[in-house]
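In what follows, a structure is listed as C-alpha cells, so that the remarks can point back to it.
Keep in mind that this is a model prediction, so the values were computed, not measured. Scope of the values below: all heavy atoms of this structure, side chains included, with no hydrogens, waters or symmetry mates. Residues take their numbers from the sequence shown, with the count starting at 1.
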Amino acid sequence: MSSAKIPVELCKGINGLDKVILREPRGSSAECCGLSNQFRLQFVGISFHFLGSIAGLAVQKVYLYGGHLTSWKNDHYEELLFVSSKAIFKPPKAIRGGIPICFPQFSSHGSLEQHGFARNRFWTVESDPPPFPTNPSNNAFIDLILRPSEEDLKIWPHSFEFRLRVALGPGGDLMLTSRIRNTNADGKPFTFTFAYHTYFSVSDISEVRVEGLETLDYLDNLQNKERFTEQGDAITFESEVDKIYLSTPMKIAILDHEKKRTFVIRKDGLPDAVVWNPWDKKAKAMADFGDDEYKHMLCVEAAAIEKPITLKPGEEWRGRQELSAVPSSYCSGQLDPQKVLRSS
C-alpha cells in the first residue's frame, strides 16, 4: 500500500482548479472529480469508494469546474481524449476539449448561451448519492451533482438536480451516466437538449472514418440545419463538418487508420449523434484552439437534440455513454469496423 497510488485522488489542477483522478488496476486512467468501491477512503473530508486492488493503475481526470473529464488514458498510458494546448482553464470560459457536458441546451438550439451553462459551473462531489444501478465490475467511480444557483434560475427558471457518475471499468472502458430530475416546486415541467461533447484524440483526421451512421438523416449546421440523408459508405473528412445525425444506432465506431485503433461509442437514452471538426479556417478563428490542432481531434457526441426531453416535476431522465478503445485490423486495405460494431 505504501508504494501504490490510491485509486482516487482529489488534487489541484491547472490554475488551482479542483480535480479528481480515478485509477483502475489494469493501468487505464481518467481524471475526474470522485470515485467509489467496497471500502471507503476518507480524503480531504470527502468519502469515496473503491472496488478491487490498487496495483497497476489506469487513470481518468475530472475537473469539478464543469464536471469536465479532461483525460482518459489506456493501460499503455496513451491519451485518448483531445484537449487543446490553448485551452483556457479559467472560469467562466469552458475548457476546450475532453468531454464537456452540454445542458440544458445543445449549441444554439435555444435562447441560452452556446451549449448551456452546466459546462462552466462548479459541480460538487456527492458522497452519499441515492440508489444508482451500477456494474459491479466497475473498479472506480465518482458521483458529481449540480444544482442551479440563483443566477442560473434567472436565465433558466427551473429547479433541477443533475447527477453525473464517471466510472472506469476493469478493461479501461470509460462510462458516463447522467441523471436529471425536475425538482420544480411550482408544478411546471421543463424541456432541455443534451450532449456529451466528446473530443477524441486521433492521429490524422484525414485517416479517420466513422462507421454506423451511413444512410441516416442528419441536420447540417453549416447549411442552416437543413435535413439531408448520408450517402457515403462511411464518414470521412476533407473539410469542416458539423452534423447532427438522427435516430442513430446504440453503437458507433471511429476508426483511426494510422494508429490501428477503433473507438467504440455505446449509448443509451441518447438517440442522436453529433459529428464535428472545425477544419483550418475555424480553428484559426478560435483563441483557445491551435491553428493545426483540428488535424488531431474529432468530436462524435452522444446526444438528445432533435426531440427535446420534457420532464414533469419529480420525473427523472437518464442518459448513458460508454467509450472503449480497441485495436483495429485491416481487411482489403481498410480497417474492418463491422466486427467491432457487431460485437457485444
Side-chain angles (χ1 to χ4, degrees), residues 66-68 92 94 99-124 126 129-130 132-133 143-166 176-198 216-228 242-250 252 265 267-276 299-321:
H68 197 131
I99 308 181
I101 302 292
C102 299
F103 171 83
Q105 174 182 301
F106 173 78
S107 187
S108 57
H109 292 243
S111 59
L112 298 176
E113 60 187 290
Q114 177 89 352
H115 291 320
F117 52 74
R119 65 182 184 150
N120 51 21
R121 296 295 188 268
F122 284 94
W123 296 57
T124 57
E126 189 171 26
F132 197 130
D143 291 297
L144 306 182
I145 188 166
L146 178 70
R147 296 184 177 94
S149 67
E150 290 185 5
E151 293 302 312
D152 294 334
L153 292 171
K154 291 177 181 178
I155 61 173
W156 199 65
H158 303 292
S159 181
F160 65 88
E161 291 179 342
F162 186 150
R163 288 181 165 87
L164 173 67
R165 172 164 289 187
V166 181
L176 294 93
T177 305
S178 293
R179 296 192 302 175
I180 298 171
R181 179 176 293 275
N182 182 338
T183 57
N184 275 335
D186 57 9
K188 294 182 179 179
F190 63 66
T191 299
F192 63 92
T193 51
F194 178 92
Y196 291 117
H197 195 339
T198 307
L216 298 182
D217 285 357
Y218 64 86
L219 307 178
D220 195 332
N221 288 323
L222 302 180
Q223 299 191 51
N224 297 316
K225 301 182 179 67
E226 189 174 346
R227 190 175 185 128
F228 299 93
D242 190 355
K243 299 177 180 178
I244 303 170
Y245 288 84
L246 310 174
S247 301
T248 60
M250 293 179 63
I252 301 169
I265 304 168
K267 57 192 182 69
D268 182 54
L270 298 160
D272 305 322
V274 180
V275 178
W276 179 69
C299 286
V300 179
E301 313 167 29
I305 301 168
E306 183 193 22
K307 298 177 181 178
I309 297 154
T310 298
L311 294 179
K312 297 177 182 177
E315 288 186 333
E316 182 177 272
W317 169 84
R318 180 180 175 186
R320 182 176 182 272
Q321 169 179 273

Side chains of [X] and [Y], heavy atoms from C-beta outward: is any pair under 4.5 Å?
| X | Y | result |
| --- | --- | --- |
| Phe194 | Phe162 | yes |
| Asp143 | Leu164 | no |
| Phe228 | Asp217 | no |
| Asn221 | Lys243 | no |
| Thr177 | Arg318 | yes |
| Tyr218 | Ile244 | no |

Go through the structure and list residues passing side-chain contact (heavy atoms from CB on, under 4.5 Å) with [X], not counting sequence neighbours.
| X | answer |
| --- | --- |
| Glu150 | none |
| Asn224 | none |
| Pro148 | Asp152, Leu153, Phe160 |
| Phe122 | Leu17, Tyr65, Pro91 |

Sub-3.5 Å donor-acceptor pair from the side chain of [X] to the main-chain atoms of [Y], do we have one?
| X | Y | answer |
| --- | --- | --- |
| Asn184 | Lys188 | yes |
| Asp272 | Ala195 | no |
| Asp242 | Trp276 | no |

Can you tell me how far the [atom1] atom of [X] sits from the [atom2] atom of [Y], to the nearest 0.5 Å?
| X | Y | atom1 | atom2 | value |
| --- | --- | --- | --- | --- |
| Arg179 | Ile145 | CZ | CD1 | 9.0 Å |
| Leu146 | Arg119 | CG | CZ | 14.0 Å |
| Met250 | Ile265 | CE | CD1 | 13.0 Å |

Test side chain to side chain contact (heavy atoms under 4.5 Å, CB included) applied to Val300 and Val274, step by step: CA-CA 5 Å; Val300 179; Val274 180; over 6 Å; no
Enumerate the side chain to side chain donor-acceptor pair (under 3.5 Å) contacts for residues 301-312, please, sequence neighbours excluded, ordered by first and then second residue. Thr191-Thr310, His197-Glu301, Arg227-Glu306
Could you list the residues that satisfy side chain to side chain donor-acceptor pair (under 3.5 Å) with [X], not counting sequence neighbours?
| X | answer |
| --- | --- |
| Ser247 | none |
| Thr198 | Gln321 |
| Glu151 | Lys154 |
| Tyr196 | Ser178 |

Using 30° and 60° as the class boundaries, would you call the ring planes of Phe192 and Phe190 parallel, tilted or perpendicular? tilted
By salt bridge (charged side-chain N to carboxylate O under 4.0 Å, His left out), Arg181 pairs with (sequence neighbours left out) Glu316
Return the set of residues passing salt bridge (charged side-chain N to carboxylate O under 4.0 Å, His left out) with Glu315 (not counting sequence neighbours), or none when no residue passes. none
For residues 99-108, dump all side-chain donor-acceptor pairs below 3.5 Å to protein atoms at least two apart in sequence or in another chain.
| unit_1 | atom_1 | unit_2 | atom_2 | d |
| --- | --- | --- | --- | --- |
| Gln105 | OE1 | Ser111 | N | 3.1 |
| Gln105 | OE1 | Leu112 | N | 2.8 |
| Gln105 | NE2 | Ser107 | O | 2.9 |
| Gln105 | NE2 | Leu112 | O | 3.1 |
| Gln105 | NE2 | Glu113 | O | 3.4 |

Please find the pair of heavy atoms, one from [X] and one from [Y], that lie closest to each other, and give the distance.
| X | Y | value |
| --- | --- | --- |
| Ile309 | Ala304 | CD1-CB, 3.6 Å |
| Ile252 | Pro249 | CG1-O, 4.4 Å |
| Ile155 | Arg121 | CD1-NH2, 4.1 Å |
| Leu270 | Arg320 | CD1-O, 3.7 Å |

Side chain to side chain contact (heavy atoms under 4.5 Å, CB included) for Thr124 and Glu126? Distances and angles first, verdict last. CA-CA 6 Å; Thr124 57; Glu126 189 171 26; 5.9 Å; no
